[in-house]
Amino acid sequence: MSEASKPKKRDGLSERLVAGERVVLDPESESMHQLNVTATLVWELCDGRLSVDEIAAELVQRFDVTLETAKADVEQAIATFFDLGLLEGSSAGD
């Protein structure tokens with residue numbers, strides 16, 4: 001994944017916030033994904049404007065984690081979102 005990539009949610013998904021965790025409904029694959037608190041924050045920041053590094057920096061601000069840990073968590077979450085088909089493009093970057 002390119003450090004300069006700016007992940008963006010795919011159009012056509014429905015979302016609900018339930019007890020602080022995001023539930024993402026994908027009508028195309030007829031699937032539902034429940035995200036934990038950290039993944040919810042990463043998901044909310046996948047707006048196509050922020051890079052992986054910027055999303056990781058936001059995690060550092062909100063949680064008691066190092067930048068290295070935050071970046072690893074963000075990269076893992078984003079790779080999972082790509083694997084599930086929830087983000088535009090491909091995990092290889094554009």
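Because only heavy atoms are used, hydrogens play no part in the values below, and waters and symmetry mates are left out as well, while side chains stay in.
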Would you call V23 and L35 a side-chain contact if the rule is heavy atoms closer than 4.5 Å? no
Do L87 and C46 have side-chain heavy atoms sitting under 4.5 Å apart? yes
Within the distance-only criterion (no hydrogens, no angle test), does the side chain of T40 pair as donor or acceptor with the backbone N or O of R22 below 3.5 angstrom? yes
Interatomic spacing from CG in L25 to CD in Q34 - rounded to 0.5 Å: 11.0 Å
Output the distance between atom CG (L45) and atom NZ (K8), rounded to the nearest 0.5 Å. 14.0 Å
Residue pairs involving residues 23-81 (criterion ring-ring contact (aromatic ring centres under 6.0 Å, His included); sequence neighbours excluded): W43-F81
Applying side chain to side chain donor-acceptor pair (under 3.5 Å) to D26 and not counting sequence neighbours gives R10, S29
For the hydrophobic clusters of this structure (ILVMFWY residues joined by side-chain heavy atoms under 4.5 Å, transitively), does one cluster hold both M32 and F82? no
Nearest 0.5 Å, please: how far is CG in L86 from OG in S31? 7.0 Å
One pair to check against salt bridge (Lys or Arg N to Asp or Glu O under 4.0 Å): E15 and K9. What are the steps and the verdict? CA-CA 11 Å; E15 306 177 27; K9 299 175 206 173; 3.5 Å; yes
Answer whether the closest heavy-atom distance between the side chains of V42 and L59 falls below 4.5 Å. yes
Taking atom OG1 of T66 and atom CG of D73, what is their separation to the nearest 0.5 Å? 9.0 Å
So, do L50 and P7 sit near enough that their side-chain heavy atoms are less than 4.5 Å apart? no
Euclidean distance, R62 CZ relative to T38 OG1, rounded to 0.5 Å: 11.5 Å
Heavy-atom nearest pair, A70 first then A56, reads CB-O, 3.5 Å
dist T80:OG1 -> E75:CD (nearest 0.5 Å) comes out at 12.0 Å
Side chain E21, main chain V18, donor-acceptor under 3.5 Å: no
Between D53 and K71, does the side-chain contact (heavy atoms from CB on, under 4.5 Å) criterion hold? Intermediate values first, please. CA-CA 7 Å; D53 288 343; K71 188 168 180 183; 3.0 Å; yes
